[in-house]
2 protein chains.
Amino acid sequence: MAGMKETIKTVAVDLFYRQGYFATSISDIAKGCGIQKASIYYHYPSKEDLLFFIMESTMDGLLDHLKAGLAVSDGVEAKMRAAVHGHVQFHLEQQKETFIASSELRGLSAEHYEVVVGKRDEYEGIFQDLIKAGRKQGIFDTGDVKILSYAVLTLCTAGAFWFKAEGRLAVDHIAEIYENFVLKGMKKPV
Amino acid sequence: MAGMKETIKTVAVDLFYRQGYFATSISDIAKGCGIQKASIYYHYPSKEDLLFFIMESTMDGLLDHLKAGLAVSDGVEAKMRAAVHGHVQFHLEQQKETFIASSELRGLSAEHYEVVVGKRDEYEGIFQDLIKAGRKQGIFDTGDVKILSYAVLTLCTAGAFWFKAEGRLAVDHIAEIYENFVLKGMKKPV
DNA sequence: GTCTATAGAGTGATAGAC
DNA sequence: GTCTATCACTCTATAGAC
């Protein structure tokens, strides 16, 4: 069921996460899979392609997760809460993959870079549209839309990495803390 | 006045920032300095030592900047504003160095890693003490001290990187935006 | 689908001349 | 303080046997 192609991906994710993409060799990955390094090239055309495969599927998963969360929420504030909650949740549950996706962009070729950054921009765009809608309805405070969206995303991304590492709190609890912090920073003072 | 040792550091900072530490070779640095790669080793014992030299001096500068800002501020809220303002300012003005310091920890040896992380912990500790003091005085909302300090620092660090890149706003203006966003997220609702 | 063997290039670092 | 030359090693990737 698993298959060697999946095993290679899993081992690569673990090593890229722990050592970084450049510090990990094809040899390391092969050793982790219990095969010879030449066998890697039967499944993936190159090391860079393996990285791209990991990043692209992670970004697709992240986008799907966001869209699914928004589909079942009504109103701007509820949608923003769902977006933040889903973001934190996905980053906690797929910590290795999302860490790689946000820190190894430099390892990609120009063409692959465009594809991944395109997906990232689409993701950020959804948050920015929510902020704009909230301001139009007078729910959110005025302020630079890009500054706010970057602030929210960074905050939650980094938060997810740290708190998984500390292991003190449950996923939903962590997501809730960020949900409240962000909404508080964004909403108009009553 | 400059000296080759400084030139090497400057070129290395630029390349580590643009390409990353692992993707930059001693050869690249030498080319950028207009010398042969063997000459690098007269000034620095190894590539890793050069990275450490850059990171350590950056962390020292960051700590000094913070302490200087706190020394001329009175009261917890003013000190927190000064801390955030100084943090953003330093990250904007020494963007390359601070980016390296926060993204290339994996390149350090175990001993050097301890030194740099020790300075980072001292820096974070100052923010955490400010949050604790603010809560004791009833100025700041209750909430996990570590979560808050991480949130503040990440937010401001990442913000500094983005807005320098966009070049739309002046340093003090950017610092002020973050100062307000953070204090708003942290203060007790009146 | 995995193996052995190797090509071909680049790496960090050192020795010793000047 | 910088040079040329080189060592010893590692890297990604390929060829061809099984």
Side-chain angles (χ1 to χ4, degrees), chain A residues 1-56 100 103-113 115-116, chain B residues 1-56 100 103-113 115-116:
Chain A
M1 207 209 117
M4 188 51 74
K5 186 168 183 178
E6 278 304 309
T7 303
I8 292 169
K9 190 189 175 189
T10 305
V11 170
V13 163
D14 185 59
L15 291 172
F16 290 170
Y17 173 68
R18 282 167 36 214
Q19 314 178 344
Y21 172 71
F22 286 107
T24 300
S25 70
I26 291 287
S27 219
D28 292 335
I29 298 169
K31 232 167 271 167
C33 299
I35 55 172
Q36 293 301 310
K37 61 181 177 172
S39 306
I40 302 277
Y41 292 92
Y42 173 80
H43 301 281
Y44 297 92
S46 72
K47 187 188 172 189
E48 190 269 338
D49 218 274
L50 173 54
L51 175 65
F52 174 63
F53 186 71
I54 291 168
M55 292 181 94
E56 191 185 31
I100 293 166
S103 64
E104 298 290 5
L105 277 168
R106 274 197 292 219
L108 295 173
S109 70
E111 294 78 20
H112 287 162
Y113 179 88
V115 174
V116 173
Chain B
M1 212 211 108
M4 187 51 75
K5 187 169 182 178
E6 279 303 310
T7 302
I8 292 168
K9 190 189 174 189
T10 305
V11 169
V13 163
D14 186 59
L15 290 172
F16 290 169
Y17 172 69
R18 281 166 36 211
Q19 314 179 343
Y21 171 72
F22 286 107
T24 301
S25 70
I26 290 288
S27 222
D28 292 335
I29 299 170
K31 233 167 269 166
C33 298
I35 56 174
Q36 293 302 309
K37 61 178 178 172
S39 306
I40 301 277
Y41 292 92
Y42 174 81
H43 300 281
Y44 297 92
S46 72
K47 187 189 172 189
E48 189 269 340
D49 218 274
L50 173 55
L51 175 64
F52 174 63
F53 187 72
I54 291 168
M55 291 180 96
E56 190 185 32
I100 293 165
S103 64
E104 298 291 6
L105 277 169
R106 275 197 291 221
L108 295 174
S109 69
E111 295 78 22
H112 286 162
Y113 178 88
V115 174
V116 173

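Heavy-atom basis, side chains included; hydrogens, waters and symmetry copies ignored. Just so we're on the same page: letters track the sequence lines, and every chain starts at 1.
No side-chain heavy atom of B:His43 sits less than 4.5 Å from a side-chain heavy atom of B:Phe53. Using a 4.5 Å cut-off on side-chain heavy atoms (C-beta onward), A:Val11 and A:Lys31 make no contact. Side chains of B:Asp14 and B:Thr10 form no contact here, defined as non-hydrogen atoms less than 4.5 Å apart.
OP1 and OP2 of C:dT2 both lie 4.0 Å or more from every side-chain N or O belonging to A:Tyr42. Note on A:Ser39: a side-chain N or O is less than 4.0 Å away from OP1 or OP2 of C:dC3. Checking the phosphate oxygens (OP1, OP2) of C:dG12, no side-chain nitrogen or oxygen of B:Ser46 falls inside 4.0 Å.
When each of C:dT2, D:dT2, D:dT4 is scored by its nearest atom to the side-chain atoms of B:Ala38, the top-ranked nucleotide is D:dT4.
Taking CD1 of A:Ile40 as the reference point, atom NZ of A:Lys47 lies at 11.5 Å (rounded to 0.5 Å).
One atom, CD1 of A:Ile26, and another, P of D:dA13, lie 6 Å apart when rounded to the nearest Å. Atom pair B:Phe22:CZ and C:dG10:C1' shows a separation of 16 Å (rounding to whole Å applied). Distance, A:Ile40 CD1 to C:dT2 C1': 11 Å, rounded to whole Å. We find that OH of A:Tyr41 is positioned 11 Å from P of D:dC11, with the value rounded to whole Å. In this structure, the CG atom of B:Asp49 is 13 Å from the C1' atom of C:dA13, given to the nearest Å. Nucleotide D:dG1 holds its P atom 22 Å from the NZ atom of B:Lys37, rounded to whole Å. Rounded to an integer number of Å, the gap from B:Lys47 NZ to C:dT11 C1' is 9 Å. Rounded to an integer number of Å, the gap from NE2 of A:His43 to P of D:dA13 is 16 Å.
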